[in-house]
Amino acid sequence: MMLIPAHHSRDIERKPQYLQPEKCVPPPRPGPKGTMWFIRDGCGIACAIVTWFLVLYAEFVVLFVMLIPSRDYVYSVLNGIVFNLLAFLALASHCRAMLTDPGAVPKGNATKEFIESLQLKPGQVVYKCPKCCSIKPDRAHHCSVCKRCIRKMDHHCPWVNNCVGESNQKYFVLFTMYIALVSLHALIMVGFHFLHCFEEDWTKCSSFSPPTTVILLILLCFEGLLFLIFTAVMFGTQVHSICTDETGIEQLKKEERRWAKKTKWMNMKAVFGHPFSLGWASPFATPDQGKADPYQYVV
């Protein structure tokens with residue numbers, strides 16, 4: 001499928017007849033305050049369940065195959081605390097990335113009354129999304145899965161069953177980071193456990209039979225290696241995207257840069273919050289991104 005150049009699509013949107021506000025129905029009433037954001041997509045829900053299952057499988061193997069049967073209590077306690085902490089932070093980040101509004105534009109607000117209320121000056125341009133009938137801020141893109149326009153949309157990730165956008169990119173970055181760390185930790189423990197079992201009697205290094213132990217460890221090894229490579233690459237891609245202040249979609253479409261260029265540190269603070277603190281590493285700390293204008297219509 002050929003991608004339409006960004007400048008061409010923008011030219012189409014500049015045409016006065018493209019807006020057609022009379023064809024837009026009034027926007028739906030907002031849900032109750034505090035309504036949870038959740039995308040009802042079968043593929044995304046299945047991927048999210050698989051993600052949790054794989055993390056819990058790793059938890060089972062690490063605890064019941066490697067740590068609990070170990071006679072070295074200091075080794076077991078220390079590695080158990082580190083592994084469980086990383087796994088908890090990874091799953092918490094996954095939940096925040098999945099259940100946080102990524103920056104959805106109000107749906108159906110491209111009505112004649114709303115456009116008139118903007119009090120646009122001569123020469124000012126507004127963009128309308130024909131799919132969700134909303135006024136599009138600059139750098140917003142429509143997601144066919146979420147069925148909404150998302151501000152600074154990077155991509156739609158089925159593994160978190162949500163778009164990665166302006167308001168939840170921090171949680172997605174933390175999710176990839178903690179999954180990579182927990183995978184690396186699991187691989188290191190698997191390596192040490194194999195060495196220990198080769199030196200000792202296999203029947204004494206696990207509460208399971210030797211064949212079962214080997215199968216469980218090999219499966220964990222494959223899972224950890226696959227997750228480590230995938231999430232480490234994704235983490236690096238996201239950090240690069242944040243530092244350059246260019247989303248994945250903007251890079252793919254080679255969109256013309258129309259926004260002010262900032263330093264890498266300012267771009268990081270725009271995603272993780274002001275000022276720098278330990279909250280950057282916490283999925284429970286909501287970043288203070290300042291009061292940005294969600295409707296940047298003017299070109």
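Because only heavy atoms are used, hydrogens play no part in the values below, and waters and symmetry mates are left out as well, while side chains stay in.
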Identify the two heavy atoms, one from [X] and one from [Y], that lie closest to each other, and give their separation to 0.1 Å.
X	Y	result
S241	E246	OG-O, 2.6 Å
I179	V55	CD1-CG2, 3.9 Å
C157	F172	SG-CE1, 3.6 Å
N162	T100	ND2-O, 3.0 Å
A58	E223	CB-OE2, 4.0 Å
S183	G224	CB-O, 3.4 Å

Nearest-0.5 Å distance that lies between atom [atom1] in [X] and atom [atom2] in [Y]:
X	Y	atom1	atom2	result
M98	L91	CE	CG	10.0 Å
H142	R148	NE2	CZ	10.0 Å
M266	H274	CE	NE2	7.5 Å
F175	C95	CZ	SG	10.0 Å
Y127	S134	OH	OG	14.0 Å
L226	L54	CG	CG	9.0 Å

Given side chain to side chain contact (heavy atoms under 4.5 Å, CB included), test L174 with L89 step by step and report yes or no.
CA-CA 8 Å; L174 291 181; L89 291 172; over 6 Å; no
Donor-acceptor contact below 3.5 Å, side chain Y178 vs main chain L85
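Not at all, since once roles are kept as given, no pair shorter than 3.5 Å links the two residues.
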Does the R151 side chain pair with the main chain of E166, one donor and one acceptor, at a distance under 3.5 Å?
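Not confirmed, R151 side chain does not pair with E166 backbone.
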Worked check of side chain to side chain contact (heavy atoms under 4.5 Å, CB included) between M268 and C243:
CA-CA 6 Å; M268 290 291 287; C243 290; 4.1 Å; yes
Tell me which one of K170, M234, H156, H155 satisfies side chain to side chain contact (heavy atoms under 4.5 Å, CB included) with V164.
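Answer after filtering K170, M234, H156, H155: H155.
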Sequence neighbours excluded, which residues qualify as ring pair (Phe, Tyr, Trp, His ring centres under 6.0 Å) partners of F88?
F284
Taking only residues two or more places apart in sequence, or in another chain, which ones meet F64 in a ring pair (Phe, Tyr, Trp, His ring centres under 6.0 Å)?
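Residues passing ring pair (Phe, Tyr, Trp, His ring centres under 6.0 Å) with F64: F60.
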For the residue pair [X] and [Y], establish whether any side-chain heavy-atom pair is separated by less than 4.5 Å.
X	Y	answer
T286	R96	yes
Y171	P287	yes
F83	L67	no

With a 6.0 Å cut-off (strictly less than), is the heavy-atom count around CG of L195, excluding the residue itself, greater than 12?
yes
Around atom NZ of K262, are there more than 12 heavy atoms of other residues, nucleotides or ligands at under 6.0 Å?
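Count over threshold, so yes.
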Kindly state each residue pair satisfying salt bridge (charged side-chain N to carboxylate O under 4.0 Å, His left out) with at least one member in residues 152-163, sequence neighbours excluded.
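Qualifying pairs: K152-D245.
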Checking H185 against V62 for the side chain to side chain contact (heavy atoms under 4.5 Å, CB included) test, could you report, in this order, the C-alpha distance in whole Å, the side-chain angles of both residues, the deciding distance, and whether it holds?
CA-CA 10 Å; H185 188 207; V62 167; over 6 Å; no
With under 30° as parallel and over 60° as perpendicular, where do the rings of W265 and F276 fit, or are they tilted in between?
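The arrangement is tilted - the two ring planes meet at 30° to 60°.
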With a cut-off of 3.5 Å and sequence neighbours excluded, list every side-chain donor-acceptor pair involving residues 40-53.
{"residue": "D41", "atom": "OD2", "partner": "G44", "partner atom": "N", "Å": "2.8"}
{"residue": "T51", "atom": "OG1", "partner": "C47", "partner atom": "O", "Å": "2.9"}
{"residue": "W52", "atom": "NE1", "partner": "H94", "partner atom": "ND1", "Å": "3.2"}

Shared ILVMFWY cluster between [X] and [Y], side chains joined below 4.5 angstrom?
X	Y	result
F222	M66	yes
M189	L217	yes
I249	V145	no
V65	L78	no
I68	L220	yes

Listed partners of I188 passing side chain to side chain contact (heavy atoms under 4.5 Å, CB included), at least two apart
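Checked I188 against side chain to side chain contact (heavy atoms under 4.5 Å, CB included); matches are L184, F192.
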Under the rule for salt bridge (charged side-chain N to carboxylate O under 4.0 Å, His left out), what residues qualify as partners of E250, not counting sequence neighbours?
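By the salt bridge (charged side-chain N to carboxylate O under 4.0 Å, His left out) rule, E250 matches R139.
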Derivation of the side chain to side chain contact (heavy atoms under 4.5 Å, CB included) call for V173 and F235
CA-CA 6 Å; V173 172; F235 174 77; 3.6 Å; yes
Are W37 and N168 linked by a side-chain donor-acceptor pair shorter than 3.5 Å?
no
